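Here's the structure we're looking at; comments come further down.
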Amino acid sequence: MKILVTGGLGFIGSHTSVELINKGYDVTIIDNLVNSNISVLKNIEKITGIRPEFHKIDLRNKNELKKKFRSNIFNGVIHFAALKSVSESVKNPELYLTNNVEATKNLLDFIASKNRKTNLIFSSSCTVYGQAKKLPINESSPVVKQESPYGESKKICEEIIRNEIVINKNINGISLRYFNPIGAHESSLIGEHPKGIPENLVPYITQFAIGKRKELIIFGNDYPTIDGTCIRDYIHIKDLANAHVSALEFLSKMKKENFYDFFNVGTGRGTTVLELIKIFEDTNNIKLKYKIGNRRAGDIIAAYADIKKINTTIGWYAKNTISNALKTAWNWEKQQSKLNDN
Ligand code: NAD
Ligand code: WQD
């Protein structure tokens, strides 16, 4: 089975490529390296023993894919490539619309031009639900008006994929709505590599713990939750990566044409910011001297997934603990710091 992985040198794409290769898939990666490094390719090879085919391609360039893969056939495409900074998207909405939406249109155009059965998995986000009225959040929860162009780009991409599949019987597809992926590969060879100051909690914590950041601020402790801090559904990156493999396997057995659906990918459990910090401290035997700050604009109070749909339909569920994810995240940060010292 030949699988094209867009954005395959990024955080989730690299871990998914490893899981795919380990299960015998023939992986081809494309990435424009805007938020990743070519060294990830070598590290995927170190972990799996196989160097996937790689092409530096920017998906915004409409004809590059068609030119590069004129005679290639892919059974599956996993589309990770996107920009993902909420704050950057507010400052530069146009960039997010062209990079995330145009790129997805170009990819669909490429897949359609092949006139061959193709299974497509798209990286969507729990962000499409906003602050859901009911928890845990199931897939019937409405997709709401997005506060950020980033969220909007995910909503639009889901829509254009659905619209393409309605008219194209060669494509079956799934959007996976991820909750909060954390952690790294147990080898510490691949992990999350935020550029600049991390926006997400776990890379911020590990950079603070290693001394790269001066202070760790908890964004508000006056929310209506058990300890006043926000609740999220943190999922181990390895589990998330495997959800893609399960989704592909599910589509490869699909008898229907024009099949499209979306699934939450989380653990089904909510964890507060303070609880997560405590797990990090206990797991890694480190004390974090955090401060309480103001609420962060746009933060929702609580989000965690109802995972019945993916569990009963695709048979996937999360196996790893937050503690294990935080151990691998810390090991990865220490490894990065060693490399930078040398
Ligand atoms: P990442 O930035 O680590 O990976 C994305 C990769 O895509 C990068 O390697 C980047 O260089 C590449 N890329 C971006 N634009 C491109 C383009 N125009 N052409 C080719 N390559 C391009 O991000 P990630 O955390 O691995 O996220 C992967 C996907 O999952 C994204 O679509 C993101 O929106 C989505 N997602 C991420 C999270 C999260 O918390 N990390 C949560 C929900 C959804
Ligand atoms: C988690 C909690 C913060 C940093 C992001 C994206 C969203 C989606 C999921 C992609 C929140 C708190 C954080 C810090 C803190 N991604 N925090 N101090 O809020 O779920 O959203 O990931 O689709 O689009 O915005 O995750 O990791 O940013 O924050 O107190 O220094 O940690 O307020 O409560 P979030 P996060």
Side-chain angles (χ1 to χ4, degrees), residues 5-16 29-38 40 55-61 64-65 78-87 89 95-96 98-104 106-107 122-130 146-148 150-151 153-154 157 175-182 190-195 197-205 207-208 213 215-221 223 225 229-235 237 240-241 244 265-266 271-274 276-277 290-304:
V5 181
T6 80
L9 295 188
F11 174 41
I12 309 172
S14 57
H15 288 82
T16 304
I29 291 175
I30 63 167
D31 201 302
N32 68 354
L33 303 177
V34 66
N35 200 34
S36 52
N37 195 292
I38 191 66
V40 174
H55 299 277
K56 185 168 184 254
I57 290 178
D58 191 321
L59 277 173
R60 284 172 296 186
N61 187 335
E64 227 183 327
L65 270 180
I78 309 187
H79 180 34
F80 294 103
L83 294 171
K84 62 166 179 178
S85 159
V86 173
S87 64
S89 79
L95 175 67
Y96 274 66
T98 47
N99 195 76
N100 296 2
V101 179
E102 286 304 318
T104 302
N106 293 343
L107 181 66
F122 172 63
S123 293
S124 189
S125 168
C126 65
T127 206
V128 299
Y129 298 118
Q146 295 298 299
E147 295 217 4
S148 74
Y150 168 74
S153 77
K154 290 289 152 192
C157 286
S175 291
L176 294 178
R177 294 176 175 170
Y178 317 151
F179 281 64
N180 294 61
I182 59 168
I190 53 171
E192 191 170 5
H193 217 316
K195 281 201 172 147
I197 303 172
E199 283 184 16
N200 297 119
L201 180 61
V202 170
Y204 197 97
I205 288 176
Q207 290 198 5
F208 172 70
R213 304 285 154 213
E215 46 184 18
L216 170 62
I217 312 276
I218 294 184
F219 299 143
N221 68 346
Y223 286 99
T225 63
T229 63
C230 294
I231 295 173
R232 297 288 184 273
D233 186 341
Y234 297 97
I235 173 167
I237 185 66
L240 176 57
H244 295 81
V265 193
T271 304
T272 69
V273 177
L274 283 174
L276 184 118
I277 287 178
Y290 57 82
K291 292 179 184 157
I292 304 294
N294 294 330
R295 290 182 175 198
R296 180 172 69 178
D299 261 347
I300 55 168
I301 305 165
Y304 52 97

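Everything numeric in this text was worked out from a predicted model, so none of it was measured. Every number for a ligand or one of its atoms is a count from 1 in the order of the listing.
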Heavy atoms, side chains only, cut-off 4.5 Å: are Y290 and I205 in contact? no
List below, pair by pair, the N or O atoms of ligand 2 and of the protein that are less than 3.5 Å apart, including the distance to 0.1 Å; reply 'none' if no pair qualifies.
| unit_1 | atom_1 | unit_2 | atom_2 | d |
| --- | --- | --- | --- | --- |
| ligand 2 | 18 (N) | I217 | O | 2.8 |
| ligand 2 | 19 (O) | R232 | NE | 3.3 |
| ligand 2 | 19 (O) | R232 | NH2 | 3.3 |
| ligand 2 | 19 (O) | R296 | NH2 | 3.0 |
| ligand 2 | 20 (O) | N180 | ND2 | 2.9 |
| ligand 2 | 20 (O) | R232 | NE | 2.7 |
| ligand 2 | 23 (O) | S125 | OG | 2.6 |
| ligand 2 | 23 (O) | Y150 | OH | 2.6 |
| ligand 2 | 24 (O) | T127 | OG1 | 3.4 |
| ligand 2 | 26 (O) | N180 | ND2 | 3.1 |
| ligand 2 | 27 (O) | N200 | ND2 | 3.3 |
| ligand 2 | 27 (O) | L201 | N | 2.8 |
| ligand 2 | 28 (O) | E199 | O | 3.3 |
| ligand 2 | 28 (O) | N200 | ND2 | 3.2 |
| ligand 2 | 28 (O) | R296 | NH1 | 3.4 |
| ligand 2 | 28 (O) | R296 | NH2 | 2.9 |
| ligand 2 | 29 (O) | R296 | NH2 | 3.4 |
| ligand 2 | 30 (O) | F219 | N | 2.9 |
| ligand 2 | 33 (O) | D299 | OD2 | 2.5 |

Please state whether the rings of Y150 and Y96 are parallel, tilted or perpendicular, taking 30° and 60° as the class boundaries. perpendicular
Below 4.0 angstrom from a heavy atom of Y150, which ligand 1 atoms are there? Numbered from 1 as shown, please. 33 (C), 34 (O), 35 (C), 36 (N), 44 (C)
Can you tell me if CD1 on I197 sees more than 12 non-hydrogen neighbours from other groups inside 6.0 Å? no
For ligand 1, note which part of L33 has a heavy atom under 4.0 Å away: side chain, backbone, both or neither. backbone
May I ask you to check whether V34 has an N/O atom sitting below 3.5 Å from an N/O atom of ligand 1? yes
Between T6 and A81, is there a donor-acceptor pair closer than 3.5 Å when you use the side chain of the first and the backbone of the second? yes
Candidates S36, P181, S14, A81; heavy atom nearest atom 7 (O) of ligand 1 found on A81
Less than 3.5 Å apart, any donor N or O on the side chain of Y178 or S123 sitting next to an acceptor on the other? yes
Per-residue contact class, K154 against ligand 1 - non-hydrogen pairs under 4.0 Å: side chain
Please could you name the atoms of ligand 1 that D58 approaches to less than 4.0 Å, counting only its heavy atoms? 17 (C), 18 (N), 19 (N)
Before signing off on this row, confirm whether L59 and ligand 1 have an N or O atom pair separated by under 3.5 Å. yes
Which is closest to atom 13 (N) of ligand 1 by heavy-atom distance: N32, T127, I12? N32
Considering non-hydrogen atoms of the protein only, which is the closest contact for atom 5 (C) of ligand 1, and what is the distance? A82 O, 3.8 Å
Taking heavy atoms and a distance under 4.0 Å, where does S124 meet ligand 1: side chain, backbone, both or neither? backbone
Looking at ligand 1, does I57 have a heavy atom less than 4.0 Å from it? yes
If we ignore hydrogens and angles and just use 3.5 Å, is the side chain of D31 paired with the main-chain N or O of L9 as donor and acceptor? yes
